[in-house]
Number of protein chains: 2
Amino acid sequence: MRDVAALAGVGLKTVSRVINEEPNVRPETMRKVLDAAERLDYRPDINAGNLKRSARRVHTLGLVVGNVANPFSGAMSRAVEDVAGRRGTAVFTSSLDDDPQRETQIVGEMLRRRVDALILTTVRRDQSYLVREQERGTVLAFVDRLPSGILADTVVSENASGAALATRHLATGGHRRIAYLGDMHTLWTAQERLRGYREAMSTAGIAADARVLEDLSDEAAAYQAVQRMMTDDDAPTALFTSQNLVTIGALKALRDLGLQRAVALVGFDDIPLADIIEPGITVVAQDPYAMGRIAAERVFARLDGEAGDARTEIVPVTLVTRGSGEIPPRAS
Amino acid sequence: MRDVAALAGVGLKTVSRVINEEPNVRPETMRKVLDAAERLDYRPDINAGNLKRSARRVHTLGLVVGNVANPFSGAMSRAVEDVAGRRGTAVFTSSLDDDPQRETQIVGEMLRRRVDALILTTVRRDQSYLVREQERGTVLAFVDRLPSGILADTVVSENASGAALATRHLATGGHRRIAYLGDMHTLWTAQERLRGYREAMSTAGIAADARVLEDLSDEAAAYQAVQRMMTDDDAPTALFTSQNLVTIGALKALRDLGLQRAVALVGFDDIPLADIIEPGITVVAQDPYAMGRIAAERVFARLDGEAGDARTEIVPVTLVTRGSGEIPPRAS
DNA sequence: CTGAAAGCGCTTACAG
DNA sequence: CTGAAAGCGCTTACAG
């Protein structure tokens, strides 16, 4: 910048004004500065500016998702990127892999680089380690999972009622032997979905506990669980799979057993091409794009000065019937 | 930092030494500093440090992909994130949407925030606008598509030979009426895949041009194109779809026409659940994770001082036969 | 092993 | 409409 000022024959402050498009610069002066900047291939260093800038906004935001390679996280990232982009804000993205150690490590890295806000999918038991950072002015929002030990805007799916909806759909279709296949029990979403399943089972007057299988964290685990489960005399006639990878694992197991048209299946969270498979996969679809969008909008509202208590937004889910959930129970 | 120094009763430089884990600090002094930092909840500002730091490495990298919500880009992002994470480097990610204006805008935003390197999927005709930035020391790498007007490490798929492989597979299966359905012709990858198709057709002694349909940029366009195409007397008996969204659109059209078991289909780039659909979808699978990984490794090699000419790495593709590509031509 | 001085590239708060 | 001085939070290059 010093070189530009020298070449243009003006003061530093004038160059600064031109770069930041501040008013009160004569067109003629402006042109001189722009020419000099062009000739020297000048690039302003935004970090240097932020050092002294009063508001200390860096127009940068950190996003922690489960795994960008998973379509759920992909859609969420895209939404955050879109909202942030419209506000001239760049996004640091990082994947959590449901590893508690990574959570604090990633957050630390982002904080060290300065961000105006953090949008977080969490996995640790407790997020109180962020309270001091919040007090210092960093805006926080949580997405997909509720935080603990801290209050901040949060966006989640209708987990429990969505799971109840799925379970009720199967019960209404005549099923009594409905199994629950879920992700790690330590995850809040898994607990909520299990709760919804239990409530619906109870309402339908069916004992639930014998058919609950948890801690299936990937496709392979779900595949094996279903393979084993279906050999029982008392095998379920319907499955409720509470996460997209579990749904895919179960689907593959049913197909390999030749049971994809015999055993009903409803999944929580939509899966790609669910409508092309035969039978089509009935799901309770989440709206990850909306979740990301709302979280980003909350963050910008807070950065714009919105006061008031932390809000929790619940994003509706939708039952999409495509065939697999409407298979009737076998007479047995 | 000043406050920490005051509270600990030491000089600024000593605090700096402790924070940066430099040697030559007495354990006792170190403890005092650490205590003070803890009590004041001190967070070093890495950007302030970088201002004066000689190497001027900011341990931050920019990544521009097609669209993080697309599984291809998702896998690539994840790979870059993994390599960067191991090097203590954070990643700015942004989606291009094949919009030439966004390309320069995103790149500009990232450069203004300072990055050590940029990994880019491009869409503009020409990337010579980056030459001066490269001369200034920013490391550049291109992924998925070749740059023009600039030399830098580049990672691409075996586009032409992969497309030829797919086409040859169909021709070997007895097909003569093989249609090519491709993305925007302005994209380098689309041109390469078309070239591969043409070469394989020519080798098989089949005239190709009548069955080339380009500029299908999304699922809906591909769907309509296939719907229209299949009503011809002279309709193709096999389709080669040169991109994942085109494959999905074509798939849906064939299914809605009841032709999914009658018309052969080979796609370029794998699609999720391709093995569960019936028939399974035969594809020439790319390896987006490897592409992202190699691009990131190239970048770090250059940052570590590797000299030498720009390298172009070609990542192999694999023909995965699952059924749809092995459907024989109908007698007609 | 420790610290005071100068400066990174910019902005703020002024004065003119 | 324009610019000189002071300072943001750190590091470098010294000196001790």
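Proteins come first, then strands; the chains are lettered A, B, ... in the order of their sequence lines, and each starts at number 1. Quick caveat: nothing in here was measured; it's all calculated off a predicted structure.
By the 6.0 Å contact criterion, CZ on A:Arg136 is enclosed, its count of non-hydrogen atoms from other residues, nucleotides or ligands being greater than 12. Other residues, nucleotides and ligands contribute at most 12 non-hydrogen atoms within 6.0 Å of the CG atom of A:Leu151. Around CG of B:Asp41, the count of heavy atoms belonging to other residues, nucleotides or ligands within 6.0 Å exceeds 12.
Of the candidates C:dA4, D:dG3, C:dT11, C:dA4 carries the atom nearest the B:Lys13 side chain, counting heavy atoms from C-beta on. For B:Thr29, the side-chain atoms get nearest to C:dT2 when compared with the rest of C:dT2, D:dC10, D:dT2. Out of D:dG3, C:dT11, C:dT2, the shortest distance to the side chain of A:Lys52 is found at C:dT11. For A:Met1, the listed nucleotide lying nearest its side chain is C:dT11; candidates were C:dT11, D:dT2, C:dG9. Side-chain proximity of B:Asn24 to the nucleotides D:dG3, C:dC1, D:dT11 is greatest for C:dC1. Here the side chain of B:Pro44 is nearest to one of D:dT2, D:dC10, C:dG9, namely D:dC10. Set against D:dG9, D:dT2, C:dG3, the side chain of A:Leu51 has D:dG9 as its closest nucleotide.
The partner of D:dA4, taking Watson-Crick or G-U wobble pairs whose two distances both stay under 3.5 Å, does not exist in any strand shown.
When side chains are defined from C-beta on, A:Ile106 does not count as touching A:Phe92, because their heavy atoms never get closer than 4.5 Å. Using a 4.5 Å heavy-atom threshold, the side chains of A:Val315 and A:Val155 count as touching.
For the OP1/OP2 pair of D:dT2 and a distance below 4.0 Å, the side-chain nitrogens and oxygens of A:Arg26 include at least one atom meeting the criterion. OP1 and OP2 of C:dC1 both lie 4.0 Å or more from every side-chain N or O belonging to B:Arg17. One finds no side-chain N or O of A:Thr14 lying less than 4.0 angstrom from the OP1 or OP2 phosphate oxygen of D:dT2. Distances shown here put a side-chain N or O of B:Ser16 below 4.0 Å from the OP1 or OP2 atom of D:dT11. Using a 4.0 Å cut-off, some side-chain N or O of B:Asn20 falls inside it from OP1 or OP2 of D:dT11.
Whole-Å rounding puts the B:Asp45 CG to D:dG7 P distance at 19 Å. Separating the CZ atom of B:Arg113 from the C1' atom of C:dG9 is a distance of 17 Å, rounded to the nearest angstrom. The CD-P distance, from B:Glu21 to D:dT11, rounds to 12 Å in whole Å. To the nearest angstrom, C1' of D:dC10 lies 12 Å from CD of B:Glu22. When the C1' atom of C:dG9 is taken as reference, atom CG of B:Asn47 falls 12 Å away, rounded to whole Å. Look at CZ on B:Arg43: it is 19 Å from C1' on D:dC8, rounded to the nearest Å. The distance between atom CZ of B:Arg31 and atom P of C:dC1, rounded to the nearest whole Å, is 16 Å. In this structure, the CZ atom of B:Arg2 is 10 Å from the P atom of D:dG7, given to the nearest Å.
Between A:Ala48 and B:Gly11, the residue anchored nearer the 5' end of DNA chain C, judged by the nucleotide with its closest heavy atom, is B:Gly11.
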Could you walk me through whether A:Arg17 and A:Asn24 satisfy the side chain to side chain donor-acceptor pair (under 3.5 Å) test, starting with their C-alpha distance in whole Å, then the side-chain angles of each, then the deciding distance to 0.1 Å, before giving a yes or no? CA-CA 8 Å; A:Arg17 267 190 267 265; A:Asn24 298 332; over 6 Å; no
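Residue contacts for B:Arg114: at a heavy-atom cut-off of 4.0 Å it reaches no nucleic acid atom on any strand shown.
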